[in-house]
Amino acid sequence: MKIIDRYIIRNFIVTFIFITISLQVLSIVIDISQRMHRLENNQGSIKKALIFYYPFWSIWLINTFSPISVFLSVIFFTSKLTHNSEITAILSSGISFRRLTLPYLISAIMIGIIALIINYYFLPIANKKKNQFHYQYLLSPRYKNKYEKNQTISTQISKNEYIFIQNFSKKKNIGKKCVYQKFNGKKLTYILKSRTIFWYKKYKIYILFDYRETTINKNRDFFVVGNYKIIKLPITPEQFLPEEYIAETMNIHELKKFINMEGDKKNMNMHLNEYYQRTSLPFSTLIFTILGLSISTRKKKGEIAYNMIIGITLAFFYIFFIEITKIYSNKDYIPSYLSVWLPNVIYGIITFFFYWNRSMKV
């Protein structure tokens with residue numbers, strides 16, 4: 001690796017960190033000012049929020065907007081090089097524009113791989129912490145009542161297993177009138193009924209009280225009645241009654257298993273969007289790096305401000321484009337993989353033409 005490569009990579013990463021931290025501080029200040037009233041109404045405090053909410057919220061924000069931070073970093077850093085005629089000197093020394101792209105790609109790949117690992121495994125942990133605080137201190141009264149009210153569960157656990165529960169409370173993890181059934185093909189082979197069911201979260205088990213167990217055979221049925229019975233099921237109450245954002249609290253393997261188990265249920269595209277976005281967002285750092293390089297190496301009067309305006313505008317339209325396609329996907333108008341990857345495809349085509357046009361002028 002040449003000195004120029006190390007110089008570009010170092011400055012790229014430093015600028016990326018600086019812009020990311022600056023955006024986080026600004027976002028936290030704005031967010032606190034907007035949420036202060038709700039925090040006070042729910043017996044929370046800014047101190048609690050700064051300790052138990054915003055560190056995890058920042059991880060989510062950094063990772064979600066890392067492609068945009070990369071884009072602005074490339075434009076800001078490279079525009080300064082162009083303004084100081086350093087890019088012109090590098091190209092005049094015999095280094096091709098394609099060769100100049102290499103350190104930028106290395107930096108983007110490094111950031112992209114880190115973002116991918118965080119997206120797959122560490123972001124769900126941060127989201128769990130963030131959502132716990134959000135539900136306790138930041139949820140509006142209307143949504144809090146909706147979250148805490150008892151609900152009916154009627155779902156298929158596996159190919160041959162079904163469960164039905166009346167009045168299940170997610171707050172207390174207790175439900176009434178539970179019926180668990182097993183089938184062999186279309187034939188019912190087992191029924192377990194109980195007056196009450198309790199989810200013991202610590203040990204991930206269900207305790208059924210006042211139960212009646214029926215095993216159905218060809219010749220005769222067998223009955224068992226008891227005070228309580230402990231069972232394990234491959235599904236949790238959070239999966240029985242998934243929150244709108246439950247997908248963001250699962251690592252990539254848990255999310256894939258959850259999607260396979262849920263099948264074609266309503267609102268599945270919302271979870272599929274999260275699944276595909278775990279990969280598409282880190283990948284987009286490559287696209288925005290090349291696009292930023294192509295835009296910011298053109299010598300213009302007042303190029304830094306001009307290039308930053310172009311960068312912010314394109315970044316805004318990218319975010320807007322993603323949100324629009326996800327809305328259409330959530331309503332089942334377009335497939336989820338298309339809604340997530342289409343913005344990258346469109347911006348990839350734009351990047352190709354910007355890069356091809358810039359490299360032809362060198």
Side-chain angles (χ1 to χ4, degrees), residues 120-121 123-125 127-129 131-132 135-136 146-218 221-272 274-275 278:
Y120 277 14
Y121 301 106
L123 183 62
I125 299 171
N127 284 333
K128 283 181 183 178
K129 300 290 186 181
N131 290 350
Q132 284 173 3
Y135 288 137
Q136 186 171 358
K146 181 181 176 182
Y147 174 74
E148 293 178 351
K149 76 175 184 179
N150 294 355
Q151 299 183 55
T152 298
I153 292 172
S154 176
T155 190
Q156 183 176 359
I157 299 174
S158 67
K159 184 179 178 181
N160 298 312
E161 295 176 278
Y162 297 82
I163 192 166
F164 309 92
I165 306 173
Q166 289 185 12
N167 298 323
F168 187 86
S169 169
K170 286 187 288 185
K171 185 178 181 180
K172 299 178 181 178
N173 286 323
I174 295 176
K176 296 180 179 179
K177 294 183 180 180
C178 170
V179 179
Y180 169 69
Q181 298 176 338
K182 280 186 181 180
F183 286 80
N184 184 6
K186 293 184 179 180
K187 184 180 178 182
L188 181 63
T189 59
Y190 179 81
I191 304 175
L192 177 60
K193 295 182 179 180
S194 70
R195 182 178 296 178
T196 308
I197 182 170
F198 174 68
W199 165 244
Y200 202 155
K201 190 173 183 180
K202 182 178 179 180
Y203 296 105
K204 297 184 178 179
I205 58 174
Y206 292 91
I207 305 175
L208 284 73
F209 297 94
D210 295 332
Y211 74 92
R212 178 184 175 88
E213 191 175 23
T214 306
T215 304
I216 303 170
N217 291 328
K218 281 186 178 181
D221 298 343
F222 294 93
F223 301 95
V224 177
V225 178
N227 293 326
Y228 73 92
K229 182 179 180 68
I230 296 173
I231 63 171
K232 280 194 173 186
L233 297 176
I235 189 169
T236 66
E238 288 81 8
Q239 294 168 318
F240 281 139
L241 299 167
E243 296 299 322
E244 185 177 354
Y245 300 109
I246 188 174
E248 70 178 24
T249 65
M250 300 178 181
N251 66 43
I252 194 68
H253 305 300
E254 293 169 341
L255 182 54
K256 187 175 182 181
K257 183 180 177 181
F258 173 71
I259 290 170
N260 291 337
M261 184 177 63
E262 290 292 294
D264 297 325
K265 286 186 178 179
K266 188 180 178 181
N267 295 330
M268 275 310 297
N269 273 9
M270 185 180 298
H271 307 313
L272 286 167
E274 175 69 24
Y275 178 75
R278 297 278 180 97

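For reference, positions follow the sequence shown, starting with 1.
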Can you confirm whether [X] sits close enough to [Y] that some side-chain heavy atom of one is under 4.5 Å from a side-chain heavy atom of the other?
{"X": "Tyr200", "Y": "Ile230", "value": "no"}
{"X": "Asn160", "Y": "Thr189", "value": "no"}
{"X": "Arg278", "Y": "Leu255", "value": "yes"}

For [X], which residues count as a side chain to side chain donor-acceptor pair (under 3.5 Å) partner, sequence neighbours excluded?
{"X": "Tyr120", "value": "Thr279"}
{"X": "Glu248", "value": "Lys130, Asn131"}
{"X": "Tyr275", "value": "none"}
{"X": "Gln166", "value": "none"}

Separation of [Y] [atom2] from [X] [atom1] (nearest 0.5 Å):
{"X": "Glu161", "Y": "Gln181", "atom1": "CD", "atom2": "CD", "result": "11.0 Å"}
{"X": "Ile259", "Y": "Leu272", "atom1": "CD1", "atom2": "CG", "result": "4.5 Å"}
{"X": "Phe168", "Y": "Cys178", "atom1": "CZ", "atom2": "SG", "result": "9.5 Å"}
{"X": "Glu274", "Y": "Leu123", "atom1": "CD", "atom2": "CG", "result": "7.0 Å"}

With a cut-off of 3.5 Å and sequence neighbours excluded, list every side-chain donor-acceptor pair involving residues 202-216.
{"residue": "Tyr206", "atom": "OH", "partner": "Ile235", "partner atom": "O", "Å": "2.7"}
{"residue": "Glu213", "atom": "OE2", "partner": "Tyr190", "partner atom": "OH", "Å": "2.4"}

Between Lys229 and Val224, is the side-chain contact (heavy atoms from CB on, under 4.5 Å) condition met? List the steps. CA-CA 11 Å; Lys229 182 179 180 68; Val224 177; over 6 Å; no
Residue pairs meeting salt bridge (Lys or Arg N to Asp or Glu O under 4.0 Å), one or both in residues 180-192, sequence neighbours left out, come to none
Notebook entry, point to check: Is Asn227 atom CG crowded by more than 12 heavy atoms from other residues, nucleotides or ligands, each under 6.0 Å away?
Noted result: no
message = Looking at Asn184, I want to see if its CG is surrounded by more than 12 non-hydrogen atoms of other residues, nucleotides or ligands under 6.0 Å.
response = no
Those residues at least two apart in sequence (or on a different chain) that pass side chain to side chain contact (heavy atoms under 4.5 Å, CB included) with Asn251 are Tyr121, Pro124, His253, Glu254
Residue set satisfying ring pair (Phe, Tyr, Trp, His ring centres under 6.0 Å) with Tyr162, at least two apart, ordered chain then number -> Phe183
For Tyr180 and Ile157, the nearest pair of non-hydrogen atoms, with its separation, is CE1-CD1, 4.0 Å
Heavy-atom closest pair (Asp221 atom, Asn217 atom, distance to 0.1 Å) is OD1-N, 3.6 Å
